[in-house]
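Let me begin by presenting the structure, written as structure tokens, before commenting on it.
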Amino acid sequence: MKNLAFVLCFLFTADCLSAQDLNYYLPDSVTYNPAIPKPKDIIFHEVGEYHVTHDRLVNYMKAIAAAAPERVKLETMGFTYEQRPQVLLIITSPANQKKLEEIRKQHIQLTDPAKSAAHNIANMPIVIWIGHSIHGNEQSGTNASLLSAYYLAAAQGKQIDELLENTVILLDPSFNPDGMQRFSTWVNQHRSKNLVSDPNDREYNEVWPGGRFNHYWFDLNRDWLPAVHVESQHRLKWFHQWKPNILTDHHEQGSNATFFFQPGVPSRVNPLTPAKNQELTAKLGKFHAAFLDRIGSLYFTKEAYDDFYYGKGSTYPDINGAIGILFEQASSRGHLQETANGLLSFPFTIKNQFTTALSTLEGAKILRKEFLQWQRDFYTTAMTESAVSPVKAFVFGDENDRAKTVSFVEVLLRHQIEVYGLKTNISSGGNDFKSSGSFVVPVNQPQYRLIRSMFEKNFEYKDSLFYDITTWTMPLAFGLPYAELNAAQFKTGVIGDKLFEVPAIKGGIIGGTGKSDYAYLFEWDEFYAPRALYELQKAGVFVKTATNIFEIPWNGASRNFDYGTIMIPVKAQTIPADKLFTVITETAQNNYLEVFALQSGNVLSGSDLGSSKFAVVEKPAIAMITGAGVNALDAGEVWHLLDQRMNIPATHLEPAMFNRANMDKYNALIMVGGNYNELNKEKLKSWVQQGGTLILTEEAVTWASQNGIGTITLKKTKAPIDSTQKLTYTGRAQVDGAQQVSGAIFGAEADLTHPLAYGYNQKTISLFKANKVFMEKSKNPYATPFYYSDKPLQSGWVSKENADVIKNSAGVIVNTVGSGRVINIADNPNFRAFWLGGSKLFLNAIFFGKNIDAASGRTD
Ligand SMILES: [Zn+2]
């Protein structure tokens, strides 16, 4: 049977296909305060007639707050990379507005087991965060927020009064303003007066990278946990300031679908999420069903999507005492599109989103006490469960990489996890933790479940299909030494002071008078060492790197320096010693580095500073292939790493530009996962032969090997079933899906003497794999600096067939091609920008790829 709303569309074609006035969307029999501006008064078009742009959206939200201050308060959470405000409307009754801060303080005490028992839930409003369109090209949500804002500010009568008395609504009109602006510009500029519904039309086919992502081409709906991006950081601050009971996450799905609301697939709920969460999700679902039934919209539940990865907007709340709700509306992806279900108009998609915002509010109002009770119980049970946990605390820290250590502390604090200093030096799990620079997270605290999800490894799963990654063990991602502490280890005296802010770390020149007339040294271990190196090179400083270890006299004793140590000889510079001193001092401070000022180049052991074992490091001139066919997420991770974290510029070249540009000015070229059919292969090959460093990750490795650039041999996974087996038709998705590598963590064994491993100290480096690129180890015994042993899985789910193929395979292979090098990295060293443990490998390829011995990469 056809969706009734679609049928109505055909009956009243003019009404459905052209602009809709507010009557199309709003519930009938409600009167509205005429003093409140309607969307059209401010945005100049009807809702759904065009896609509202972000600036007009903000103007409307401001107008609403100005016209209805007794109900609506507007806050600016922060600004995006492109400097768009992230606004939040706080909507509640006039009486509640007057005591808003009091309500907030009382509310967040429900999450504090020490205080929550004192509160009478019967008198407390429920807090609901209505969030829209984190994927910028799924705009029905954001456009529905215009209607929600109008309705909540302007509706009159008993029903709205009752709602506002019992709720505090945090209306977040756009989770991703930059992506929204990109997409709205695209669809509006292609809109015809006579709407063209042909899916082939340019309106429905965005150019790369599309509006889904934020400025750096990241999926913000994977960033709630790592919180790498400013949008997530600002939002999380407000999330924890209010600790909502419900958070809705309005998305769009494929155009031929209908409407989805959670619960999702029951077998794929994260086991750390208590069962009551899904029970409440289902109870709320009854309201969505009833409201959608009323307007004749088709929908489905439980068959798709899941609540497994806590980095998604509809799942993060589940591990924070709240209920996250995912909504997925079939996308018109423009203004009117032909679909399997008939013509799908943009206004119709907006109507469904608005309707489910209303059903959420109605459900929240009626189930208010149950949700508040759940929030309180979630945290009290976290304390009772953690009290009996055999693991009492986690300790972590890397004294050689203080910046990376504190950036992990920053992530923990952002999620309101209590972190303490380490009071005494301890050893655990084969690691030594020094009191200076190590930190302790005791598990007996309200965020117990979230701590487990961030620190634990996973090997057992109820299902073998995943909507997203299967594991995200954070200390492995950050590449930090860490250990569990049991009751005997976690005794009094271990725990130091509680942290209230991210610890400050300092850099500077140490030794003697600080100024050297001979040479300066700094080690490569610190996270920002590459940024420091580039800063120096940009200032014209000549630098070398140690390809051997050495030991110098220091402070009456001796000090060892590792592979990759950066050496700056004073007399070899074109700038005077005084100026060099100033530049190095600033660089050390900017990048939290200890720089050693030396007065002699004579070492106690290893190579003297004048040895040819110190290799000149050329300043990188980087290009990356981007554009259609290239995986925007992977490319965005590189852009973000270089630009945001390392202050290193890179030129983004479309394949057509690569084909005609003079490539002589680049010495490093990056190609991430993607399809490069448009690229001039001969030109690429000759650029490498002439001395370029080509850095390939994931599927670019496959592409290059298939196109005769570099010489690696790919390994294939054995088929899980042979052709004699007969299986059920409906079982196919499960069998095929299980062969995907959705994302798991593998430990690669590293040759710590190889330039690509400079800066690493742990022999096993955790890398993240979410692809099916498997390489045989090179025949040249020196050309596989990172490889997998016969038991490489550190955490996550992978099929037996894929586990078999990754065993004893190569992680990284270097090929010598003429005077150049091809560096094949099978995995993604920059995964979602929180895989800081892989950053050094990637940056080593950029800085030191050229220095790798030709003989160590030859296979001919
Ligand atoms: Zn989405």
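Indexing begins at 1, ligand by ligand and atom by atom, following the structure's order. In what follows, every heavy atom counts, from backbone to side chain, and hydrogens, waters and symmetry copies are set aside.
The N, O or S atom of His251 with the smallest distance to the Zn ion (ligand 1) is ND1. Counting just the N/O/S atoms of Glu138, the one with the shortest distance to the Zn ion (ligand 1) is named OE1. Within His135, the N, O or S atom at minimum distance from the Zn ion (ligand 1) carries the name ND1.
Cation-pi geometry between Arg191 and Tyr50 is met: the NZ or CZ atom falls under 6.0 Å from the ring centre, inside 45° of the normal. Cation-pi contact between Arg202 and Trp186: absent, since separation from the ring centre below 6.0 Å together with deviation from the ring axis within 45° is not met.
Side-chain N or O atoms of Glu231 include none that pairs as donor or acceptor with a backbone N or O of Leu220 at under 3.5 Å. Using modelled atom types, one side-chain atom of Thr80 and one backbone atom of Arg84 make a donor-acceptor pair closer than 3.5 Å.
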